[in-house]
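Okay, structure first, notes after.
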Amino acid sequence: MDKDSGTSRVIPVMVPMPAERPYSYAVPEGMPVAPGSIVRVPLGPRQVAGIAWDGDGGTVDPKKLRPIEAVFDCPPISGEMRRFVEWISTYTLSPPGMVARMLLRAPGAFDPEPPQQGLRLTDNRPDRMTTARERALELARDGQAWTRSGLAHAAGISLSVIDGLAKQGVFKTVELPPQPVVAPPDPLYGRPELSDGQAEAAEHLREQAARDGFSVTLLDGVTGSGKTEVYFEAVAAALERGKQVLILIPEIALTQAFLDRFHDRFGSKPADWHSDLAPKKRERIWRQVAEGQVRVVAGARSALFLPFSDLGLIVVDEEHDPAYKQEDRVFYNARDMAVKRGHLGNFPVVLASATPSIESRVNAQSGRYDRIVLSSRYADAALPDLKAIDMRKAPPERGGFLSPVLIRAIGQTLERKEQSLLFLNRRGYAPLTLCRVCGHRFQCPDCSSWLVEHRFRKQLICHHCGHNRPVPEACPECGTLDHLVACGPGVERIAEEVDRHFPDARTIVLSSDMLGGVKRLRLELEAIADGEADIVVGTQLVAKGHNFPAMTLVGVVDADIGLSNGDPRAAERTFQLLSQVTGRAGRSGRKSLGLIQTYQPEHPVMRAIISGDSEAFYEREIAERERSSLPPFGRLAAIIVSANERKEAEGHARALRLAAPASDVLETLGPAEAPLSLLAGRHRFRLLVHGTRRADIQAYLRQMIATAPKPRGSIRVQVDIDPQSFL
DNA sequence: AGCACGCCGACT
DNA sequence: GTCGGCGTGCTC
């Protein structure tokens with residue numbers, strides 16, 4: 001009919017590239033395409049997977065129209081998910097095609113899993129019986145289908161026995177349904193004993209998860225208050241009514257312990273989703289999430305884009321964690337997108353943290369979010385006794401960075417055969433190297449940062465872009481030999497100092513540049529938990545949810561790092577980090593100590609940490625943000641200009657700034673003030689835009705970018721918008 | 001984002 | 001004389 005009338009059907013398709021709108025494709029007659037279908041379409045010289053979208057085909061030159069190649073045999077992307085893509089695109093000012101691309105990151109999953117060959121017993125008997133054959137028949141007698149290797153393994157016989165029987169027609173081959181990647185969780189499996197406070201909180205969350213309806217609950221509980229047990233009850237409630245659950249975890253690759261705890265509660269592990277998943281497993285999980293077979297996913301931020309068929313709850317664990325923020329391509333904060341996802345899907349969202357973000361606290365205060373406080377500590381977990389070491393009064397000896405007070409405490413801890421953790425959030429040996437003769441400082445040629453000496457690797461490394469070079473012997477400026485001096489400490493240097501004081505102790509350095517990658521790191525963390533180290537010197541990596549039962553001393557080497565770096569979130573971040581780190585001690589209930597080296601013990605962050613009075617800190621910080629119109633009151637955004645050549649990026653950034661609409665509402669900071677960095681081979685400039693009134697910063701940025709000269713060639717412009725309240 | 005087309009340097 | 005660098009422009 002279409003052919004006769006000359007009007008074949010046209011449908012928009014979102015293709016995985018930075019297109020501002022879906023492209024139009026012709027639908028071949030009889031092809032079952034509907035909005036949401038995942039389709040294969042020609043795009044330029046190649047074939048890509050795209051998502052059939054809503055609306056009519058648009059007005060495209062009919063000569064350009066090409067036909068959809070095929071529809072994948074795959075559950076369609078739901079309308080809910082398509083609205084989610086559109087919303088994220090508008091909110092983040094990213095092309096919808098790039099957002100859609102995040103949904104299509106498991107290409108192999110669009111085709112059904114090829115069925116496994118299985119064997120089932122027939123009525124035929126073998127010509128001769130042997131003990132091996134007897135065993136195989138015994139196992140297969142129940143009529144279940146077995147895989148060839150599975151049966152051989154279970155019967156303890158070789159594959160040739162099975163093959164022999166199959167050849168004689170004793171087994172017939174059948175198609176096995178795809179194996180589930182994870183066993184289904186049982187909400188009744190390991191119901192925990194909850195304290196009164198926990199039980200009350202759990203009941204509240206259970207109620208919300210047990211019916212339809214959007215809500216956001218901030219689960220705010222001190223370290224060791226048992227937040228996880230509490231939100232597991234919400235998970236159980238959602239599972240009981242047949243809903244799928246997503247638990248977002250920052251950096252899941254390192255948190256094996258979480259999967260174990262989940263197993264203890266639900267009798268099986270959740271599907272885990274993160275970037276270094278093996279492709280095959282990735283595809284199976286994607287597919288089975290879409291088909292509803294996987295009930296619970298624990299994953300990194302990208303799990304938000306899995307095609308759940310019936311999602312009924314999202315938990316964002318450690319909701320304050322900066323790892324939730326994606327800072328390339330599409331700039332988004334998964335915590336906020338999770339809230340919006342719940343809003344669109346009409347189900348509850350739980351944000352859990354011992355140190356909530358200021359944004360979430362403000363949202364709770366204003367009544368947009370519910371807030372549950374777990375104040376009492378659970379079972380035998382005790383917080384350490386915290387003390388500040390005033391570095392002006394108890395300074396380190398010359399050439400060192402550890403106060404005698406801290407060194408003494410380490411010694412005492414060693415004597416008790418317990419573990420110490422020294423925390424310093426700085427990788428490498430020394431953050432700055434300079435020439436004693438001419439004052440030359442080693443700086444990254446591409447960025448605005450100093451080169452950090454890594455003595456173990458014998459390199460100077462830029463922590464921004466990874467630029468590195470061997471440590472030279474002579475100053476490149478004045479040529480003087482052997483007069484380069486390392487300034488300030490990194491973890492390697494602290495370990496060296498510790499070795500000097502305690503040569504017999506087993507000291508280990510933990511940081512992200514540990515040789516051997518994530519796997520090695522996981523092993524080392526386990527070894528430490530088993531007591532195979534006395535002193536651990538680590539970066540923020542040690543702050544994340546690991547339990548070290550024998551750790552009874554935590555020393556913060558330089559608590560002031562990051563307090564004065566100009567970041568509007570500096571105080572918040574420091575507070576969160578120090579809370580997390582000091583919470584590593586005393587998890588076994590043993591008496592433990594936290595010593596915090598600082599030059600400003602009167603600083604509100606230090607006082608909050610030492611006194612344990614976080615309420616005072618939050619009140620103060622929220623008032624401060626409001627006064628200076630910083631997020632979440634005023635709005636902050638960055639325009640990121642990137643190019644292969646530094647000059648190009650700089651030039652375009654300048655042009656953009658000139659294009660900024662004159663306004664008393666917004667202030668733009670130009671290239672001169674914007675730190676330059678090199679990421680993935682591209683020089684990036686950030687233009688900061690600060691909204692001091694309730695202006696729509698998105699509209700402003702849109703106008704600014706539209707007015708400015710169009711970037712040519714390899715120059716790209718992206719926008720990073722800070723979270724706001726969007727409910 | 002990918003990919004091809006296009007125009008300038010060192011090589012089988 | 002060709003292979004290959006990445007600059008530029010396009011994709012329904």
Pair listing, ring-ring contact (aromatic ring centres under 6.0 Å, His included) test, anchored in residues 40-68 of chain A, at least two apart:
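Pairs touching residues 40-68 of chain A that pass the test: none.
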
Remember a base hit wins even if backbone is also touched, and classify A/Pro16 as base, sugar-phosphate or nothing at under 4.0 Å, heavy atoms.
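The answer is nothing, as A/Pro16 stays clear of every strand by at least 4.0 Å.
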
With a 4.0 Å cut-off on heavy atoms, is A/Pro45 in touch with a base, just the backbone sugar-phosphate, or nothing at all?
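Sugar-phosphate, no base atom in range.
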
Would you check if there is a donor-acceptor pair between the side chains of A/Glu319 and A/Ser360 at a distance under 3.5 Å?
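On atom types as modelled, these side chains qualify, holding a pair under 3.5 Å.
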
What heavy-atom pair brings A/His440 and A/Cys475 nearest, and what distance separates the two atoms?
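For A/His440 versus A/Cys475, the nearest heavy atoms are CB-SG, 3.8 Å.
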
Which atoms form the tightest heavy-atom contact between A/Met337 and A/Ile88, and what is the distance?
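The answer is SD-CG1, 3.7 Å.
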
Contact boundaries on DNA chain B for chain A, cut-off under 4.0 Å to non-hydrogen atoms
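So the outermost contacting nucleotides come out as B/dA1 to B/dA4.
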
Within this structure, what is the [atom1]-to-[atom2] distance between [X] and [N], rounded to whole angstrom?
X	N	atom1	atom2	value
A/Tyr25	C/dC12	OH	P	5 Å
A/Met17	C/dC12	CE	P	8 Å
A/Glu69	C/dC12	CD	P	12 Å

Side chain to side chain donor-acceptor pair (under 3.5 Å) against A/His463, all qualifying residues, sequence neighbours excluded:
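By the side chain to side chain donor-acceptor pair (under 3.5 Å) rule, A/His463 matches A/His454.
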
Where along nucleotides 3-10 of chain C does protein come under 4.0 Å, by heavy atom, of base (B) or sugar-phosphate alone (S), with - for untouched nucleotides?
-----SS-

For residues 19-28 of chain A, tabulate all N or O donor-acceptor pairs below 3.5 Å that involve a side-chain atom, not counting sequence neighbours.
{"residue": "A/Ser24", "atom": "OG", "partner": "A/Gly57", "partner atom": "O", "Å": "2.0"}
{"residue": "A/Tyr25", "atom": "OH", "partner": "A/Pro42", "partner atom": "O", "Å": "2.8"}

Please name the residue in the list A/Thr92, A/Ile640, A/Ile721 that meets the side-chain contact (heavy atoms from CB on, under 4.5 Å) test with A/Phe331.
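Answer to the side-chain contact (heavy atoms from CB on, under 4.5 Å) test with A/Phe331 among A/Thr92, A/Ile640, A/Ile721: A/Ile640.
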
Indicate every side-chain donor-acceptor pair of residues 298-308 of chain A with a distance under 3.5 Å to a residue at least two apart or in another chain.
{"residue": "A/Arg301", "atom": "NH1", "partner": "A/Ala323", "partner atom": "O", "Å": "2.7"}
{"residue": "A/Arg301", "atom": "NH1", "partner": "A/Lys325", "partner atom": "O", "Å": "3.2"}
{"residue": "A/Ser302", "atom": "OG", "partner": "A/Trp273", "partner atom": "NE1", "Å": "3.2"}

